[in-house]
Every structure is written in C-alpha cells, then in structure tokens.
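Please read these numbers as outputs of a predicted model, since none were measured by experiment. Within every chain, numbering begins at 1; the chains are lettered A, B, ... in the order of the sequence lines, protein sequences first and strands thereafter.
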2 protein chains.
Amino acid sequence: MQRVRIKDVAREAGVALSTAALALRNDNQLREETRRAVRDAAARLGYVYDRSAAMMRSGRSHTVGLLVCEITNPFYAELTAGVEAALEEAGFATMLANTGESVTRQRRMLERFREQPVDGVLMMPASGTPPTLLDDLERWGLPHATVVRGFRRGAHTGPDNRGGTRLATEHLLGLGHRRIAFLGGAAKNSVTAGRWEGYARSMARAGLEPVQLACRTDIGEAAALAQDLPHDGPTALVCFNDSVAFGAMLGLSRAGRVPGRDIAVTGFDDIREAALWHPRLTTISTSPRQMGQAAARVLLARIADPDAPPPRETIRAQLVVRESCGAKLNGGGCSSG
Amino acid sequence: MQRVRIKDVAREAGVALSTAALALRNDNQLREETRRAVRDAAARLGYVYDRSAAMMRSGRSHTVGLLVCEITNPFYAELTAGVEAALEEAGFATMLANTGESVTRQRRMLERFREQPVDGVLMMPASGTPPTLLDDLERWGLPHATVVRGFRRGAHTGPDNRGGTRLATEHLLGLGHRRIAFLGGAAKNSVTAGRWEGYARSMARAGLEPVQLACRTDIGEAAALAQDLPHDGPTALVCFNDSVAFGAMLGLSRAGRVPGRDIAVTGFDDIREAALWHPRLTTISTSPRQMGQAAARVLLARIADPDAPPPRETIRAQLVVRESCGAKLNGGGCSSG
DNA sequence: CTGAAAGCGCTTACAG
DNA sequence: CTGAAAGCGCTTACAG
C-alpha cells in the first residue's frame, strides 16, 4: 500500500493540489463546501499529514523543547503537566528533556533541540547555569523563555518568591515567634535568592537576626538537619519548599518533637501532598500547573513575535494556613489566613 | 547570515558533498583524517545539522512518542525520567504527551504522533483503553511498546504485580495477621488485576476470605476509607500502591490509630517518599527508573527490527520491610526481609 | 479556485 | 573518495 499524499487527496476530491493543501490546513479563503470535500476525500484514503515535510518547507515545526531541571520533583512534574497541556491545546508538541540539574546535559540537550529543530525552548535552568546561555540562544536565533528559575533578563514566568517567604515569615512573627530560621536553599539560583530575601528582610524589619540552615532540596537531608536541632534553637522554620518542610517534619518527629505544636513549620509551593500530610502543611501556594500554562503562553508569544520585548510575569504567592504553623492548634495571635 | 548547509561544509573542507554528508554522520568507510577535516570545517562555519530534512528523506526521525497516563504521579514521573534518559543516550528525542487518564486525549495524541512522525510509541495506556488500540497502531505501521500497564499481547515491560502482592500478603500472614484487606484498585486495568490476584490467591491458599476496599489511586480517597475503618475490621492492609498506603496511614492517624502498631500497612512501588514517611513504609520495590530504561530499550529493539516477536519483560518485585507492617516494632513472626 | 513549478536540506544509489 | 542527480512531501508564490 502506497503512502497517500496530498496529490492523491486532490485527485480523489477532484481539485488542484494547491487547493487540497489549503483545504487540509482549513484555510478560510476556500469555500466550506470545498474544504469538506477535501477532508472527506482525505478520510476515505486514510491520508496522514506529514509534519516533517511541512516543517522542512515552512521552517516551523510546531514543536517546543521543554528543559526540566528535575522531573521527579513533584512541583516540576505538575509544572510540566501544565506546560504540556497548554502547548497541546495550541497545536504544539512537547519535546521533553530532563537535565537532572546537570549543566552539561542541559547544554547537550539544547544543541539537540537546535538540530531538531524546535520553534522555541522553555527552560527551568539547572542550578549553576551561566546567564551567558541566553546569549547563545539569541545568537542561535532560538526563541526562549524561562520558568520558575530565570535570569535578570529574557522572557520569564515565575512565582513571587520574595513575597511568598515574606508572607510566611510575617505570619510566624504574628504568631509570636522570634527565633525563626530559614531551612534549605543551598543551591545558588534566582529562586533561592528571592526566598531567602523575603525571609531575611522580614526578619530585619522586625529587628531580628536571620539564620540560614542550608541544605539541598532533599527530604532526607532536611530531615537529618531538623532531627539534630537543639531545643533552645529556632521555634519556627520557614522552609525553602514543601519537600524540605516534609523532611523537617519527619526529622522533628524522629527527635520526638511534634511539628505544629512544639515547633512551627511552613513550606513553599503547596504541592498536593501538603494538604494531606500529618500535620497538614501551612505553605505558600504558587499554582505550578497554572504557572506552566502561563509560561507556555509566554513562549508561544515569543515565537509568534520575536521582536516584541520579552514579557516577565510574576505569579502571585498566597499563604495557605493549615496546621503545621501551629496557628490552628494554639489559637495563636494570627487572625486569619 | 545565510544558513550553513552540508554543501558549504563540503566546500570549506575541500571534499565532495556526499563525502561531507558521510563524514558528519561519522560513517567509518571514510578515513579518520577526512572525517576530522569535515568536522573541523563544520565547526568553523557553525554548521547545524537539520534533523527535519534528514527525517523527511530517510523516513526516520530518531524521535519516540511517550504517552504518560499521569505525569504528576511520582511513580510515573520517575518512570518517565528513566525512559527519557535511555532514549537520550541512544540518540533519540522524547515527545511527551500526558493523557491524564483520558482515552480521548490519548487517541488525539497518538494521531498527532503519527503525523509528527515519530519512529515509535511507548505508552502507559489510560485506564479504560480498549485493547483494539494495538490493532490501530499495527495498521498504522507504528512500532509500539507498553510499560507498567499493558495488554495480553504486544511488546511490554512491567512489574511482577501478582508476585508483588503475594510477597506482601504472605509477609503479613507470616506476622500472624488473618483479617487482611486489599485497599485500592478501583480502576480496571492489568495492573489492578495482577495485584488483586496476587493478594486474593495468597489469602485463598491460607484458607481466608479476600476482601477489597476499592478506591481510586488518590491519597484523599484512601484516607477517607481508612479513617472510617471499624475497629473489628482488618488488622492489616495490602495497599494497591504507595500513594494509597500513604492515604491509608493518614486516615488511620486521623482516627487515632497508629499505623505499624495498631494496624499493619504495606504499599507497592517503593517511591522515594516510602523510606522517609513516618512510619517508614513496608512496600514492594519495582524500580520505576530502571523499568523505564528497560521499556525504552524494548521499544528501540522493536523499531530496529519490527518483525521480531514482541518481547515481554517482567521486572522482579522485591519486598522491602520497614516499619509500617509492624514487623520491626512487634518483633512478630517475620524472620527477615 | 487551477496548474505548473521551485525549493526546503538532507539521504542515497551509482558510475567512475 | 568524487560528482551529478533524484527524491522525500510538503509550502508557497504566481499567472491565469
């Protein structure tokens, strides 16, 4: 069985090849009647559109490269789901690459995307990515956007990191805490910087000394740190994200301390497990799925109009008060969420 | 700046176009010296290989479509990471599609993959996918393989579901439990069937009545079910997977019962959180990342040799004894892991 | 709408 | 290794 081409569809429908091509792309300079006749003919013959040929001729692949720093992190998985859904809806396919936080792998994958070729790249840069990467992308003429993690320039969509930890810290201050430590954020990137700043500035405004208990985003590492916390140490922990907060709560439990009663804990991200953990986690919601969708739309806008100024979007952070901060257990000084 | 093509590289290197083309693909019928000269010329000119053109001419895209049932499920995220890594290593790119358990979306995405075109499809079929889908894929001439969830035929890589729940059930029987219930598995698919069978047969062999507490794979739903469990109900729960087990433990805690002491709980999958939960979860390990890698290799073999009989691989299940089964707390009848 | 044609950048087969 | 050439299946511009 020969492969069916547009030429065959045109013959079957009794129209010219160029007419069939236009009809198959649903071009509206054709009469509805003609378009339907062509589509019917295509269906009868079992025609399958060949995007690789279209790509080659038109130079547009309707494919986007998605560079994920770590897909097994639930937050990034949710974000990826949002990106994929928004791209799919816009008729774009998603080429996935998981860098696993390796700058080397990331580089190789970008070069692969360039060869592919993709119409644009959406990335969550691996920790330690030099900002000059943007220069390369620009030199290559590859439209790009960052999400969550970004640089000082370039199209970007990210959470309000500073505002988020500010909300968390002020909430804990309002509950009467004074010895509040920041747990996590050992990696050097824009997210870490923003979350630390939001915390540290709030502490400074309250005349208190900010303290960082640095660890990587790893439940086990956070647990180990929290387990060894002295009893005259912090009474509250502003955690870098929910995974760190879960680790902290596990470590505290192992040390015989009850999170939310003996010590307050807040997270960041509001991943699904946050509402289900025991105690339920007080955290900062940043809606990763919606952020992914927003980032996809930003990139598509870049692709459609590369000369427009690159948009920078901030997703609002919201405090979600549950149990781990102790507000609902102690009836502390906090009036509401 | 004009785009650099193979023709330009050939001129720069002082060889024929066909020689340059062969050299760039590192064909070993050429002398090493010639290959290097061509690669150097390509580097000097900033040549970028255009896969879309190669794809069109050769009919091979070196791209695989990956259909994930739910990427936000940590188990499938880990699996996806394994698939992507193995494909990348083999020089294949991954087109990602997240069906979110929708058979309709799945269908649309497969048709998209067909147009793309991809060299093959690796899928975790959405719940409720009719086995006739395989007929369509074969009619389309699209090499395919399933992973985790599959059908009675076709290339497949999956965990030993039956063996896994058998291990868990026999472990609990060995600890002296008699009222053991199976929690979860409301969805109809091959995984559910296998896990239920492993449990039910072990119960039957022990002369006991199998009982299913059906719920979807959802922490909240499992928690609700476990919270309402009567005190004269089951003393042990064989859970469909780790997420269900986490839900069960949360529900039990809310009802004031201590998992691992008042009631035994086992999971399935051994996702990362399993070792870190409180209590640590006794579960069945199936190494999702390795399973993903194995599945990718199976598909690549199908693509390379479509006429060979489709391989079916089973990944061995292993019991990982931790705390939630009570074995290590009670010093029960279990001798080891 | 038609019809003939060029061209995207490769791969591939072939005679030398 | 060379060199000339065909062809993958589209898109696109154009004269009618």
Side-chain angles (χ1 to χ4, degrees), chain A residues 1-39 41-42 45-63 91 93 112 114-119 141, chain B residues 1-39 41-42 45-63 91 93 112 114-119 141:
Chain A
M1 192 173 86
Q2 266 300 110
R3 174 166 197 153
V4 180
R5 290 148 302 170
I6 289 191
K7 196 209 302 188
D8 305 309
V9 174
R11 194 186 307 119
E12 171 80 11
V15 300
L17 186 154
S18 49
T19 307
L22 290 172
L24 288 170
R25 278 180 293 150
N26 218 3
D27 189 301
N28 55 14
Q29 66 187 262
L30 299 182
R31 283 193 322 236
E32 173 52 32
E33 198 184 314
T34 312
R35 280 183 278 171
R36 195 174 43 238
V38 172
R39 280 202 304 269
L45 297 178
Y47 171 75
V48 180
Y49 182 61
D50 182 335
R51 286 177 188 273
S52 76
M55 181 186 326
M56 155 141 219
R57 182 61 177 90
S58 69
R60 304 207 57 204
S61 64
H62 287 271
T63 297
R112 167 77 194 221
R114 196 182 169 208
E115 292 186 350
Q116 196 66 27
V118 299
D119 289 341
Chain B
M1 189 174 86
Q2 267 300 108
R3 172 166 199 153
V4 180
R5 289 147 303 169
I6 288 192
K7 195 209 303 188
D8 306 308
V9 174
R11 193 187 307 121
E12 172 81 12
V15 300
L17 185 155
S18 49
T19 307
L22 289 172
L24 288 170
R25 278 180 295 151
N26 218 2
D27 188 303
N28 54 15
Q29 67 186 263
L30 299 182
R31 284 193 321 238
E32 173 54 32
E33 198 184 313
T34 312
R35 279 183 279 171
R36 196 174 42 239
V38 172
R39 279 202 303 269
L45 297 179
Y47 170 74
V48 179
Y49 182 61
D50 182 335
R51 288 176 187 273
S52 76
M55 182 186 327
M56 157 143 218
R57 181 60 176 90
S58 69
R60 306 205 56 203
S61 64
H62 287 271
T63 297
R112 167 75 194 223
R114 196 181 169 207
E115 292 185 350
Q116 196 67 27
V118 298
D119 289 342

| query | Rounded to the nearest Å, what distance is computed from the CZ atom of residue B:R51 to the C1' atom of nucleotide C:dC8? | reply | 18 Å

| Under 4.0 Å between a side-chain N/O of B:T34 and OP1 or OP2 of D:dC1, yes or no? | yes

| field | d(CG, B:L24; C1', C:dT12) in whole Å | value | 15 Å

| request: Output the single nucleotide from D:dT11, C:dC1, C:dT12 whose closest atom is nearest the side chain of B:S58. | output: C:dT12

| task | Between B:L30 and B:A53, just flag the one whose closest nucleotide in DNA chain D comes earlier from the 5' side. | result | B:L30

| query | Which base, if any, makes a Watson-Crick or G-U wobble pair with C:dA15, both distances under 3.5 Å? | reply | D:dT2

| request: Check the distance between C:dG3's P and A:R11's CZ and give it to me in whole angstrom. | output: 13 Å

| remark: Rounded to whole Å, the NZ-C1' distance (A:K7 to D:dG9) equals 10 Å

| Closest to the B:D50 side chain, choosing from C:dC10, D:dG9, D:dT11 | C:dC10

| query | What nucleic acid atoms does B:L22 come within less than 4.0 Å of, heavy atoms only: base, sugar-phosphate, or nothing? | reply | nothing

| Can you tell me if B:R112 uses its side chain to pair, donor with acceptor, with the backbone of A:G91 under 3.5 Å? | yes

| query | Closer to the 5' end of DNA chain D via nearest nucleotide, is it B:G14 or A:S18? | reply | B:G14

| Protein-nucleotide distance (A:L17, atom CG; D:dT11, atom C1'), rounded to Å | 10 Å

| field | Under-4.0 Å side-chain N/O to phosphate OP1/OP2 contact, B:R31 with D:dC1 | value | yes

| request: Examine the base of C:dG7 for any acceptor or donor lying under 3.5 Å from a partner atom in the side chain of A:R57, and report the outcome as yes or no. | output: yes

| Of the nucleotides D:dC10, C:dG3, D:dG3, which has the atom closest to the A:A16 side chain? | C:dG3

| said: At less than 4.0 Å, is any side-chain N or O atom of A:R25 found next to OP1 or OP2 of D:dT11? Yes or no. | reply: yes

| task | Between D:dC1, D:dT11, C:dT2, spot the one nearest the side chain of A:I6, thanks. | result | D:dT11

| query | Can you check whether A:P117's main-chain N or O pairs, donor with acceptor, with A:S61's side chain at less than 3.5 Å? | reply | yes

| query | Between A:E32 and A:R35, is the closest basic N to carboxylate O distance under 4.0 Å? | reply | yes

